[in-house]
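A short write-up of the structure that comes next.
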Amino acid sequence: MGDFATNRHLPPGIEQALKKLNHTNDRSALSRVYGRLPDTTCQRRGLCCGLLPPVQHIELLVWLSELIALPIDEARHQAVRLVEHFLFNAAQRRECPWLEPGRCSIYPRRFLGCRAYGLWSPTAYEQRRSGAVDAARQTAKAWASMGVKLPSEVLAPGPEYCRCVRPIYDSHAPKDGDLDRLEDDLADMADGLPGEELFSQWGGDISYAAAWLALGPQKALSLKVAATKACLAGDMKRADRITDEALERTGDWISKLLRS
């Protein structure tokens, strides 16, 4: 697939999905699904929130719809942080772009992966963590085929199971089956919406989606490879030039997107 960014602001499937989203109650339905989880608290506030969570198709669409409604400076800031994360997350262990000291900057609108963290049983969480380790091995093999050895810190698994998350108001934590059904319900909400094939390509990675949309598919991947190789070689001048190019393109995309 070639670059669409030179003459389109969104690919047709995503544009059609957003139009359909704007004529339905999907945002309210998403809030109701989230509302089936208890409010939680944790004494380790923010310490486990180091990685960008995977998102579901409907969550990505709602985020994109909300991005378009933001003031241009705020929208540009979000998109730039996500694109920069995508470019360098193979070379460096990157924090979630929405993480601020001791807090999540989008906490009321955070994704299901964040909301459910600490609510899974230790066994279920470890199974998911092991799955992420297997995926990291496959990623390492793909990069190795290009002659790139990824740092061990990048391939390290996510945080250990946290036993400090507690429901507020003495409510009971959901069982693993309840959380599975929540994920299934979110997946069902995207049934019939265009753009599913793109979402599958992005693999639930919202930073990849942002870079793909802002830069175009080919440019996003070529800049990521170049940025990763430059960073691992210690050539930070080249890495900075790549960053500047990508973020300038991202800013231009946001400006056109919000004016359309």
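Residues L155 and S152 fail the side-chain proximity criterion, which asks for heavy atoms closer than 4.5 Å. Using a 4.5 Å heavy-atom threshold, the side chains of I72 and E74 count as separate. Within the 4.5 Å cutoff, side-chain heavy atoms of L64 are placed close to those of L10. Annotation: side chain of Y208 is not in contact with side chain of L82 (no heavy-atom distance under 4.5 Å). The closest side-chain heavy-atom distance from L193 to I58 is below 4.5 Å. Residues C104 and C114 are not in side-chain contact: their nearest non-hydrogen atoms beyond the backbone lie 4.5 Å or more apart. Here the side chains of L232 and P151 are in contact, with some heavy-atom distance below 4.5 Å. Between P159 and Y117, some side-chain heavy-atom pair lies under the 4.5 Å cut-off.
For the pair D178 and R181, the salt-bridge criterion is met [side-chain N within less than 4.0 Å of a carboxylate O]. The pair K237-D240 fails the salt-bridge criterion, with no side-chain N (NZ, NE, NH1 or NH2) lying under 4.0 Å from an Asp/Glu carboxylate O. Salt-bridge formation is not detected for the pair D235/K229: no Lys NZ or Arg NE/NH1/NH2 atom is positioned less than 4.0 Å from an Asp or Glu carboxylate oxygen. For the pair R249 and E245, the salt-bridge criterion is met [side-chain N within less than 4.0 Å of a carboxylate O]. Using a cutoff of 4.0 Å between basic side-chain nitrogens and carboxylate oxygens, E100 and R103 are scored as salt-bridged. Between R76 and D73, at least one side-chain N (NZ, or NE/NH1/NH2) sits under 4.0 Å from a carboxylate O, which counts as a salt bridge.
Rounding to the nearest 0.5 angstrom, the gap separating the CZ atom in F88 from the SG atom in C231 is 6.0 Å. We find the CG-CZ distance between L30 and F111 to be 9.5 Å, quoted to the nearest 0.5 Å. Taking CZ from R166 and CG from L119, the interatomic distance works out to 10.5 Å, rounded to the nearest 0.5 Å. The CZ atom of R32 sits 11.5 Å away from atom CG of D185, with the distance rounded to the nearest 0.5 Å. H9 contributes atom NE2, which lies 11.5 Å from atom CD1 of I254 (distance to the nearest 0.5 angstrom). Expressed to the nearest 0.5 Å, how far CG of L257 lies from CG of L213 amounts to 8.5 Å.
Nearest heavy-atom pair, P11 versus L198, reported as atom, atom and distance to 0.1 Å: CG-CD1, 3.7 Å. For the residue pair L112 and E183, the shortest heavy atom distance occurs at CD2-CG, 3.7 Å. Heavy-atom minimum distance, W98 versus I106: CD1-CG2, 3.4 Å. A29 approaches M189 most closely through the heavy-atom pair CB-CE, 3.7 Å. Minimum heavy-atom separation, L150 to A90: CD2-O, 3.3 Å. Contact record, G118 with Y161: O-OH, 3.9 Å, taken as the closest heavy-atom pair.
With a 6.0 Å cutoff to the six-membered ring centre and a 45° limit on the axis angle, R115 counts as a cation-pi contact of Y34. Geometrically, R128 does not engage Y125 in a cation-pi contact, judged by NZ or CZ lying under 6.0 Å from the ring centre and within 45° of the ring axis.
Side-chain contact check for R94 and S207: no donor-acceptor pair (N or O, by modelled atom type) lies under 3.5 Å. In this structure, a donor-acceptor pair under 3.5 Å is present between the side chains of W63 and Q78.
F86 has its ring centre no less than 6.0 Å from the ring centre of W202.
Linking Ile, Leu, Val, Met, Phe, Trp and Tyr residues whenever their side-chain heavy atoms come within less than 4.5 Å leaves L87 and W143 in two separate clusters. One hydrophobic cluster, built from ILVMFWY side chains closer than 4.5 Å, holds both L221 and W253.
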